[in-house]
Amino acid sequence: MPKKRVLLLHTGGTLGMIGSPLEPGLFSQVLGDKVPELAQIAQVDTRIVCNLDSSDLGPEEWQALATTIADSRTSYDGFVVVHGTDTMAYTASALAFALRGLDRPVVLTGAQRPLAALRTDARRNLTDAVELATCDIPEVGICFDGLLLRGCRAAKSDARHYRAFESPGIEPIAKLGFDVDVADHVRRPREAFSCDPRFDAGIAVLHITPGLDPLVLERMLDDAELRGLVLIAFGVGTVPTGRRPIAPVIKKAVDRGVDVLVATSWGGIVDLGLYKNSLLLRDAGAIAGGKMRVEAAVAKLMHALATVPDRDERRRYLETDVAGERD
Ligand code: ASP
């Protein structure tokens, strides 16, 4: 059987950091020298998209990645994206929303220790990611420490242990042990493939804390450039209603055109109908984000604002599960 074809897109991060900074063309060479077994798994082509700490990555790189994957989709069986861990979950979410009807794997991976370091996790993560990219897993996932997590449900959870990511409330979509065990809940494409990689950066994230002064919030939300807000409320979506009520300020923002999406910081599910302190948020026009954590909520809101001009339709898009991010 001919070898499967995998396109490896390098964006930077700890995995490839030797010398400082690593020169683009060099990465492919280092990769071949340090992980020759990749060639046993698949025919791997490498492309350097950028070579950055992932804290410098954003909508422009998400767009470049999505476009590259869309343009070369039919030439490869799967894709691996090498990425720093700090913002990997944002990029994974952005790709999940930009690439609709995905019919092959897009596997993001990175490492806690560089490829050249002793006891590195880079080598295993890379070989696992390439192997997963040859499997029938049509999702955007994050591969770390033998697990493949749904990208739009994952969050970085550790900077020192090799298990750097978690996806609370959802089992890994694949586990790599003796065999590669692919879970039953892997998504299947529900529509024809399409790519819309536009993102609107005019959003902010606000974490509600006890005692937050509504006046401070009101001034923040008054920025004319602000088109969207990801609100991290308490629990399933509650906010203070007593001495310093938050909902009236949110209502004001919604009324002046800001889309407010409520997300969870702890991996639960937002339910704006459960408590009086969450109902007020719903009545103010805030949108419940389901199981979306901040990373997925940020990427989806940016995508919604850029790609769905009609406000009612945009709300429907945000309230609909499109990549396994909400349910
Ligand atoms: N600061 C690095 C990055 O996100 C950390 C890592 O690669 O794990 O690019």
Side-chain angles (χ1 to χ4, degrees), residues 8-31 33-35 38 46-66 68-69 79-96 98 106-130 132-133 140-168 172 176 199 201 205 265 293-299 302:
L8 188 149
L9 300 164
H10 183 69
T11 68
T14 300
L15 185 144
M17 289 182 185
I18 56 157
S20 181
L22 183 73
E23 289 295 325
L26 203 56
F27 176 76
S28 333
Q29 195 188 316
V30 168
L31 192 69
D33 291 352
K34 298 271 179 206
V35 204
L38 290 186
T46 308
R47 230 177 273 175
I48 312 288
V49 177
C50 55
N51 197 9
L52 297 170
D53 188 288
S54 74
S55 50
D56 276 326
L57 261 59
E60 294 78 7
E61 289 75 25
W62 302 344
Q63 183 158 28
L65 283 169
T68 306
I69 292 168
F79 297 84
V80 170
V81 178
V82 174
H83 199 290
T85 54
D86 291 344
T87 68
M88 191 183 292
Y90 289 92
T91 302
S93 298
L95 291 178
V106 174
V107 183
L108 285 83
T109 196
Q112 301 287 47
R113 280 173 175 262
L115 197 48
L118 281 177
R119 290 192 301 101
T120 179
D121 54 333
R123 200 176 168 135
R124 177 186 183 194
N125 287 346
L126 264 179
T127 45
D128 283 354
V130 170
L132 287 166
V140 179
I142 290 184
C143 169
F144 246 86
D145 196 33
L147 300 179
L148 182 69
L149 307 178
R150 177 163 295 157
C152 57
R153 292 287 293 280
K156 181 169 175 173
S157 56
D158 211 302
R160 308 265 320 162
H161 290 101
Y162 285 164
R163 184 148 301 174
F165 288 88
E166 60 176 11
S167 63
L176 295 108
F199 296 91
V205 177
S265 64
R293 296 177 65 137
V294 64
E295 294 86 347
V298 163
M302 287 168 81

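In listed order, ligands and their atoms are each counted from 1. Basis for what follows: all heavy atoms, side chains included, without hydrogens, waters or symmetry-related copies. The structure presented is a predicted model; accordingly, all values stated were derived computationally and were not measured.
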Checklist entry - So which protein heavy atom does atom 5 (C) of ligand 1 come closest to, and at what separation? => result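 It is Thr14 OG1, 3.5 Å.
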Item to check | atom 8 (O) of ligand 1: the protein heavy-atom neighbour that sits closest, reported with distance to 0.1 Å | outcome: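 Here the closest protein heavy atom is Thr85 OG1, 2.4 Å.
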Do any nitrogen or oxygen atoms of [X] lie less than 3.5 angstrom from nitrogen or oxygen atoms of ligand 1?
| X | result |
| --- | --- |
| Thr87 | no |
| Lys156 | no |
| Ser54 | yes |
| Gln112 | no |
| His83 | no |

Flag, side chain of [X] to backbone of [Y], donor-acceptor distance under 3.5 Å:
| X | Y | answer |
| --- | --- | --- |
| Thr11 | Val82 | yes |
| Thr14 | Arg113 | no |
| Asn125 | Gly110 | yes |

Item to check | Straight-line distance of Cys50 SG to His83 NE2, nearest 0.5 Å | outcome: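 Rounded to the nearest 0.5 Å, the SG-NE2 separation comes out at 7.5 Å.
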Checklist entry - Measuring from Leu65:CG to Leu57:CG, what's the distance to the nearest 0.5 Å? => result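 Between Leu65 CG and Leu57 CG, I get 7.5 Å after rounding to 0.5 Å.
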Checklist entry - Under a 4.0 Å N-O cut-off, is there an ion pair linking Lys156 with Asp86? => result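 Yes, charged N to carboxylate O under 4.0 Å.
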Item to check | Interfacing atoms of ligand 1 (cut-off 4.0 Å, heavy-atom, Gly13) | outcome: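 It comes down to these atoms of ligand 1: 7 (O), 9 (O).
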Checklist entry - Numbering the atoms of ligand 1 from 1, which are under 4.0 Å from a heavy atom of Ala111? => result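 It comes down to these atoms of ligand 1: 8 (O).
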Checklist entry - Which heavy-atom pair separates Ala98 from Phe199 by the least distance, and what is that distance? => result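 Residues Ala98 and Phe199, closest heavy atoms: CB-CZ, 4.1 Å.
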Item to check | Which atom of Thr85 lies closest to which atom of Ala111, heavy atoms considered | outcome: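 Closest pair (atom of Thr85, atom of Ala111, distance): CG2-O, 4.2 Å.
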Checklist entry - Does Ala164 have a non-hydrogen atom less than 4.0 Å from ligand 1? => result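 Under 4.0 Å: no for Ala164.
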Next on the checklist: Taking 4.0 Å as the limit for heavy-atom contacts, which would you say applies to Ala159 with ligand 1: side chain only, backbone only, both, or neither?
Outcome noted: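 It is neither; nothing of Ala159 touches ligand 1.
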